[in-house]
Structures are given as C-alpha cells and as structure tokens.
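One structure is given below, encoded as structure tokens.
Keep in mind it's a predicted model, so treat the numbers as computed, not measured. Labels below follow one simple rule: chain letters A, B, ... track the order of the sequence lines, proteins then strands, and each chain is numbered from 1.
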2 protein chains.
Amino acid sequence: MSSRGKVITLQEVAVRAGVSRMTVSKVLRGAGNISAETRQRVKQAADELGYLPNNLAGSLSSRKSRMVAVIIPSISDIVFSEVLSGINSTLRPRGFQTFIGESHFEPETETELIRAMLSFRPAGILLNGGMARSADAEKLLARRSCPAIQLWDCDRRALDFSAGPSHEESGRLVANHFLERRLRRIAYVGAELDRDLCARRRHLALKSSLAGDGIDLLSVTCENRPRQAATGRFLTEQLVRTHPEIEAIHFLNDAMALGGLSYLHEAGLPVPERFSVVGFNGTSLANAVRTRLTTIDVPRTEIGEKAAQALLRMTEEEDVPEFWQAPLALVQGNTTVAA
Amino acid sequence: MSSRGKVITLQEVAVRAGVSRMTVSKVLRGAGNISAETRQRVKQAADELGYLPNNLAGSLSSRKSRMVAVIIPSISDIVFSEVLSGINSTLRPRGFQTFIGESHFEPETETELIRAMLSFRPAGILLNGGMARSADAEKLLARRSCPAIQLWDCDRRALDFSAGPSHEESGRLVANHFLERRLRRIAYVGAELDRDLCARRRHLALKSSLAGDGIDLLSVTCENRPRQAATGRFLTEQLVRTHPEIEAIHFLNDAMALGGLSYLHEAGLPVPERFSVVGFNGTSLANAVRTRLTTIDVPRTEIGEKAAQALLRMTEEEDVPEFWQAPLALVQGNTTVAA
DNA sequence: TGTCGCTTTGTTATCGATAACATTCCCTAA
DNA sequence: TTAGGGAATGTTATCGATAACAAAGCGACA
C-alpha cells in the first residue's frame, strides 16, 4: 500500500545526466552558475525519471524550511478559517506550506500544538492571540528559532508581530451606536468568555464605555456552551424572561446574534422597534433572508494576509513594524434603527 | 530575528545524560530496552536542556513522516473546512500534522499542490474528489509512496479510499421530494458547474430523475460567479423574470438558496406557498432567523473522520474497505410544504 | 608563454535523527 | 567453570539533500 513507485533521488538524476549530485541540486534550485547545456540535460533527466525533491532532506540540510505553522481556535469557525485562508493564499505563491492546529481556546492543547509544530522546525509560527498561554508554551516560544506572529489581537501586542483588530475599539463602537440611539437598557450575550480573552475585552470595553454614561451593562454569558446560534437563542430567552426591560443586545458574534434574533422573532418582539441587536464579525451569516444584522465588520482575510506578509518579510530579514491594526467598521443593518 | 535560543540536539542531551545518542533516541521514542534508571536520567537531561526533537531529521532517517496533506477546494467554505476539521481532529491525537492546500477547483493549482505536498513525503494525501485531474497530477499520484484518499465523492471511486456522499443519491432525494409534493415546474440554480463535478452530478441526477416523470428541469447556472448567496440571489431574479411559471428551485448549496430566498421574499413571492426551495449541505446557515431551509444534510465532519481513520489504518498496514458512503438525509424545513 | 580571473563543475563534511547490528554485562543452568 | 541467553547500551552507516570550498577548463592579455 505504502510503497508503489520507486522514489528517485538526486543521485539517480545525477547519474542519468552524467553530472554530480551537487550540479543537479543547483540546477533544480536555480542556484549557482550552470551552463545552459548542462541545465537542460539535468532538467530532462529529472523529468524523465519523475524526480520529486525531498523537502525533508533539503530543509534539514539547509536548516531552513518552507513550512509555516498556524494555530487557531477552530478550523470550522468561518471567522478563523477566513484568516487561515488569507494566510495560506499569501504564503502558497511564495512556496510555503501551511500546516494547522486547532486549539479550541484550550491552553494545554495550544501548548502541545506549539511543541509538535516547532519540532518541524517551521519557518514561522502564527498563533491566535486572545487566549491564556501556559508557562510551558511561553518557554517553548522563547526557545523558538523562527519568527512568531500573533493573530486576531492588536490590543495586547506580543511576539514579533501582531495582526488583528482592537477589540476595545469594537466595544466602544457598539457602545456609541447604542448611545446615539438613546438606548439605555443594554445587555451583552456571550459564551466562553473565560477562554476567549478577545471577546472578553470587547465585553469590558462595552461595559466601561456605557458606564461612562451611567449605564450599567447587563451581561448574560455561559462558559460551557458553544458560541453558536443555539446558545445565542437560549441565552436570549433567559435574558428576556428575567429582564424584560432590556431594549438592546450586543452579541459575542453574528451566529449567536442570529440565534437571539430567531427567539425575539418567535416571541413576537419586534426588531429593531422593541429590540436593537448588534453582532460581531460581519460574516456572510449577517445577511440572512429578511434580516441584515447590524454588526462590526472585521477584515478577516486581510488579517491573515498582513500576518503572512509580515512573516515573509521577517524571513527575508527585512524590517517589519510591530503590528498591524485591522480597521473595524460598524455596518448598519436593519436590526438597529438608522441613525 | 530568526535565531534566538540555541537549538539542542540529541547529541547534547546524550552528553548531559552520559549515554549515547542512540539511547536518548530510544528513551524519547519509548523504543527498545532501556533501564528505568537510564530512562529517568535521559528524560531529566532532555527536560533541563529544553530538548525539542527535530522531526525533519527523524522523518528523513526513518523514512516515515507524520504529516498528512489535505487539498480542498476552499479553506473558508464551511462545507470543506468542516471536513478538514474532522480530519485534523482525528489525526492530531495520533500525532499526525495536517497541512493544507486550497485548489479553488482548478486542476493546475491542484497539480502544483500535489507536487509541493508530495515533496514533503507525507504519510498520506487526501484530495477532494469531484474535479478534473490533470495528467500531470495523475502521474504524480501514480508515483506516490503513500496512501491517497478521495474526499467528498463516493460515486466515482478513486485512489485507495473514498469517503463522501453519493451526489447522485442527493439529486434523486430532491427529485422525489418535489415529485411527492406534485411540483412539476422545477428549476436548478447553481454556479461553477464546469469545475465542480460533484455539483454537476447532483444536477444531472435531479434532471434525469425528473425526466423519468416527464418533467423537464430548467437549469440556471453561471460559471464565473462564486457559489455564494449573492449569486443565488442574482440568478433567482433572472429565473423568476424569464420563467415566471417555475414553482420549485433546487440550489447548488445552502448559501445560494438563502440568497435566492431573500430575493423571493422581497419580490413578494411566498415560500413555500408559491415557491418551494431546497438547498444542499445542511449547514448552520440553513436555520436563518425565520427560515428553516429544506436541505440535504451531509455529515461533513464525519466524512473527514472516516477518511482520516482509513488513512491511519492504511498506515498501519491494516486492511481497509474501498470506500465509505456518507448517509444523506433530507431535512424538512419550512421552505417546502410538509409531506 | 604563463598566469590571472572567470565560469563551470566536483568533493567533502554536515544537518539531526534512526535502523540494524554489535557489544557488553550479568545471571543462570549444566 | 563456562557456555548460553536476555537485557541494556553502543557503533556505524544511512536517509537525501545543501554549504562551503576546491578544482578544472578556458580565454585573454601582458
């Protein structure tokens, strides 16, 4: 099963082309001065034999690999997979391979992933910010021999470069949006805030911005349910039951907001007349059939691209700023009244 | 930037523990007979030095790597990223690293990805089925020295194992759903059918099932727009304008269906009374605020898991069946009338 | 004619591990 | 006493490339 075709090495190409291994290596990498005639002969030999370079050997020998490690909380959460996509589409054309890890916001899992990934001696490692980092993880990162980049968080900068939004800015944007509309009975609905420090920071920024206007934010969260529509729906129901006076809700993300909206709709509570709702992310979800969710748009793909670009520059020993702050935009939908 | 901590090798651990490299290697891999006392000494030395194995060297030497290549059409399409997530969460606990490529349904891109990924000498390669494969890609795959698995397609089996749904079955399920409801003026709305052979097969199965009942399927597709909500909306508008008699639509996926629904809603065409709509995938999208899309549910995560499990078994030289057919379920929502 | 200097190609050591086999040690049983 | 045998550890070759330097070939010019 696992051994079909014979694997061809440089040596065999060299023999066929009548040159040394080194010459073949140079030709195939486009390095050194090789005559056109030799080059052509080598290429043909490699072609005829179906030679495929062994990247493991090459990387070991040259002590530089073209693999980049990425650790995100969830692969199937569109929010992170779009960042990943931005990373990959920037790195691929430059010959770098992306490999991935899923942390689920768990520090221990992240630590193990960092260990596993660093042992591939990658050209760089990109980690999602906004989660607690174990002491072991810090130790591993301190001993790394490649650039490291933080994704998704630009408030608390770390590692060699940070690319992401300011979550505090997001919280403030939402606060202002509510305040401009003279909404004063405001709630926040979220989940997993114990692990997701970015979401927590958005929450805190909202809370303190509102506090500045004498408003006390009501928070409804739970730690043991996923950050998905069903949870948003469940918590909204709780919220409305226990605090019928609430008139505006900010959700941890768009998915939870949609879940909340579906409850409000079924409970006959009109949006935006009775309830204002604001999400976070600006995912395609936000434009549901009859609902355009008011939300904070985050340029996720671009975050990945900027991070990857910074990595490429560091790889080439070029100077790189310390961070890239992703611009945020509050997108007015029909779940809050127009200004 | 790229050289901070000194990198520790087996040799240095060996010196510190007062044993040979080989002994250290054995201890750390848990191989061979090593006395408890030596084991403990070696482990402590490795720990104190912060030793991190070099996977490149290890894989090169043992001629077996723990990397698995995955090529999917799109990383940020939830449909494929959930498959990827299933793969990764099965492989990770077994010590395998997943690395990814994005083909965008382009055969040339896929070919280059296969080439790049095989040169890492992976333990296996998982490719999305349902797209044309270039001759070069076939050649590369023929010469591979690892198991190869096809994802997302079980009709046309290929490689060592196929895990996915039968797209023909899906087409038939949708046809029956429409027929049972006595709908006869039926349309299909899709995009990129030139590249996505799975979608094409669903379409053809629908068409021929309907033809069996003397119904002529109307197809509205375009090749140069993405398979997203906006395209679904656009094509639905076209469809309704040019063929006002249509009473049921099957969409390529849930996202396009939602786009179509938003147009139908704004045009004042009631669903399901005037229009029946069926999507494909069973994504979380399907449950929008007031709409529960009738759709075909595909167990995406499980497809990834089964594929990864098969790969693991092949790696251990165990026998594996030729395929795993993912069960499909038509989920009744409120965009078609109940049976 | 000899040598300088360039282009082109080859030699050798090395990267950091593992496989396969060799060796040492110690205990037991004849 | 000694051979036999298993447990524990070490030696050597190798994996497939690249780096760094060495050498060969060749023309030009003094």
Subject >> Length of the line joining A/L28:CG and D/dA19:C1', which is rounded to integer Å >> reply: 17 Å
Original post:
For the pair made of CZ in A/F120 and P in C/dC15, what is the distance, rounded to whole Å?
Top reply: 21 Å
**OP:** Mind calculating the distance between CG (A/L10) and C1' (D/dA19) to the nearest angstrom?
**Re:** 14 Å
Original post:
Partners of B/E302 by side-chain hydrogen bond (donor to acceptor under 3.5 Å, both in side chains), sequence neighbours excluded?
Top reply: none
Original post:
Can you name the side-chain hydrogen bond (donor to acceptor under 3.5 Å, both in side chains) partners of B/T111, sequence neighbours left out?
Top reply: B/S134
Original post:
Counting distance only, does the side-chain N/O of B/E102 pair as donor-acceptor with the main-chain N or O of B/I75 below 3.5 Å?
Top reply: yes
Subject >> Residues within residues 52-61 of chain A bordering DNA chain C, heavy-atom distance below 4.0 Å >> reply: A/L60, A/S61
Original post:
Taking CZ from B/R63 and P from C/dG16, how many angstroms apart are they, rounded to a whole number?
Top reply: 19 Å
Original post:
Hey, does the side chain of A/S85 reach the backbone of A/S81 with a donor-acceptor pair shorter than 3.5 angstrom?
Top reply: no
Original post:
So, B/T9 and B/E12: side-chain donor and acceptor under 3.5 Å apart, yes or no?
Top reply: yes
**OP:** For residues 55-67 of chain A, pull every pair meeting side chain to side chain donor-acceptor pair (under 3.5 Å), keeping only residues two or more places apart or in separate chains.
**Re:** A/N55-B/S119
Original post:
Can you list, by residue number, the residues of residues 42-49 of chain A that have a non-hydrogen atom closer than 4.0 angstrom to DNA chain C?
Top reply: none
Original post:
Between B/E37 and B/R41, is there a side-chain N and carboxylate O pair less than 4.0 Å apart?
Top reply: yes
Original post:
Among side-chain atoms of B/E305 and B/Q309, is any donor-acceptor pair under 3.5 angstrom?
Top reply: no
Show me the protein contacts with nucleotides 9-11 of chain D, counting only N or O atoms at under 3.5 Å.
unit_1: D/dT9; atom_1: OP1; unit_2: B/S35; atom_2: OG; d: 3.4
unit_1: D/dT9; atom_1: OP1; unit_2: B/T38; atom_2: OG1; d: 2.4
unit_1: D/dT9; atom_1: OP2; unit_2: B/S35; atom_2: N; d: 2.9
unit_1: D/dT9; atom_1: OP2; unit_2: B/S35; atom_2: OG; d: 3.4
unit_1: D/dT9; atom_1: OP2; unit_2: B/T38; atom_2: OG1; d: 3.2
unit_1: D/dG10; atom_1: OP2; unit_2: B/S20; atom_2: N; d: 2.8
unit_1: D/dG10; atom_1: OP2; unit_2: B/S20; atom_2: OG; d: 3.2
unit_1: D/dG10; atom_1: OP2; unit_2: B/T23; atom_2: OG1; d: 2.8
unit_1: D/dG10; atom_1: O6; unit_2: B/K26; atom_2: NZ; d: 3.1

